[in-house]
Amino acid sequence: MIGFIRHFSLLLFPLGILAVEVKRPRGVSLLNRPFYDESKPFTCLDGSLTIPFDQVNDDYCDCKDGSDEPGTAACPNGRFHCTNLGYKPQYLPSSRVNDGICDCCDTSDEYNSGIVCENTCRELGLQEKESLLHMAEVAKVGFTLKKQLIEEAKKMKEENKVKLAELQEGKKSLIDQVETLRAAKDAAEIPEKEAKEVHEKAWEERKAVVELEKERAKALEIFVELDADEDGVVSIGELQSHTELDSDGDGVLSEAEAQALLGDVSHVEVGIFQEIVWHTIKDKFKSEVREKPTPAPLYIPYHYRDEMDYYPMFHHRHHPLRVNEDQDDTNGEEPTLAPIPDRFIRESPEEYIRTTQATKKEDEEEKMPLYDEHTQNLVEAANRARSAFEAAERSLREMEDSIRDLENEITFDFGPSGEFAYLYSQCYELTTNEYVYRLCPFHRVTQKQKGGGAETNLGTWGSWSGPEENKFTSMKYEHGTSCWQGPNRSTTVKLSCGKETAVTSTTEPSRCEYLMEFVTPALCEEPQDIDNSTGHDEL
């Protein structure tokens, strides 16, 4: 049997603790020492085999679980225990024993490799102690702040309950007010509606009269056009000149067809034409009268004149290559003629004004006239009633939103003692070289370019996602903005103890999955005495 520790030694721990190293096979932890009694045969820790004790650490693997070779590299699944007195003990895969690389700070893994290793456990222990002291100081300050946060959370929760009760009581009276104003609005809208209907009916009747007058005027115009011999009647022969009125599709308006259009008479006077004939033929009738254009000076609106400096001034819209006679910048020479853009073809000022006024008149005729004084008063009264009702209804919605928010806040899981409640309405930012990350606990996480631009949603609040024994060490934010041809963005926020509240880092370990580190006093626990809480593993 090789590798058995056969002596006792007294060692002074770096942390001031006197330790005694216990005799046991190489690579065996103090916890497993009872299973390795050299006075008895050794039974594999999985119970699969019992062997003579001198086969332990004989550099041959007998046990399936590798437990007979804790101090050699014989078993591929074996584990070597580093005592590391003065620092933290650790387990190594047995394959690293005597591999020429110093893994244990106490050099125990390279006992037979010929490599000279330096025992660094004391230095590592001192560094560990310094780190633990710093962490303990942070925890101490953080825990003090945590107790304050808990007290503030209790106070805030009670205040919110009082506020909620007040809002719920106020909601009752506001509901009554809304219903009263709704009734007043409905009552005001009845006479308003009746008066509007009277006004609109009168307007529709007036429009109908105007349209009828226009239609009769148009019919008179066509009657005059058809009455070629000016005898005051339109005859069959005069109507036959309009072949577009042909009804049988042969391209000719026969005498019978024309007579049928005239109401089975040979001729009609103007009254009958306006009342009956015109309505029969107007959809097919094509007037032969064409307006003859009258040349007029070109009118260029002021805001186009600078651009028109490139173009010659033309005489009128129907002669686009004639130069305006009053052009005075040609120095007596014939100007170069260039095509004029369509957007510069305009009427003369007089024609332009006439056209504009006619269009405006037509628009005004189409627009309903103002209400009379009585109707206007009813409309204004109804408007006041509607405004008052809508304002009260809006106040009720806002109050219901406030009630809902308070109910959510009061019942929300802010930790065992409510220590995380102070984060509820806060946001924290971290600026990197490229992005600004923003965490609003219990709401959402966002990212935007450092130079500005729109925010990208990295996830909205999902749940606490830490391990079962302490779920408050991690937050999950889900269903953020979707990645291009990828999943929706999500963020995991890892919480740790800190004297301050801040986002300390943000990374993207996987595509569209972000990891954010966040420190808060709410996660600090009361620290233990460092000198009494470390270095006991191998005593």
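- Checked against the 6.0 Å centroid threshold, Trp464 and Phe414 do not count as a close aromatic pair.
- In the model, Thr492 has a side-chain atom that pairs as donor or acceptor with a side-chain atom of Lys476 under 3.5 Å.
- Among residue pairs with one or both ends in residues 503-518, none qualify as salt bridge (charged side-chain N to carboxylate O under 4.0 Å, His left out); sequence neighbours excluded.
- Among pairs with a residue in residues 132-150, those fulfilling side chain to side chain donor-acceptor pair (under 3.5 Å) read Lys146-Glu525, at least two apart in sequence or across chains.
- Thr481 and Thr456 share no side-chain donor-acceptor pair at under 3.5 Å.
- Annotation: disulfide (SG to SG under 2.5 Å) contacts involving residues 421-479, sequence neighbours excluded, comprise Cys427-Cys440.
- Among residues at least two apart or in separate chains, there is no salt bridge (charged side-chain N to carboxylate O under 4.0 Å, His left out) pair with a member in residues 492-503.
- Residues Arg397 and Ser402 bring no donor and acceptor atom of their side chains to less than 3.5 Å of each other.
- In this model, no donor atom of one side chain and acceptor atom of the other lie less than 3.5 Å apart for Tyr435 and Thr506.
- For residues 403-418, the salt bridge (charged side-chain N to carboxylate O under 4.0 Å, His left out) pairs, not counting sequence neighbours, are Asp401-Arg404, Asp413-Lys471.
- In this structure, Glu166 does not pair ionically with Lys171, as no charged nitrogen and carboxylate oxygen lie closer than 4.0 Å.
- For the 3.5 Å distance criterion, the side chains of Asn488 and Glu478 fail to qualify, holding no donor opposite an acceptor.
- Sorted by first then second residue, the salt bridge (charged side-chain N to carboxylate O under 4.0 Å, His left out) pairs that include residues 78-91, not counting sequence neighbours, are Lys88-Glu128.
- Between the side chains of Glu69 and Thr72, at least one donor N or O lies within less than 3.5 Å of an accepting N or O.
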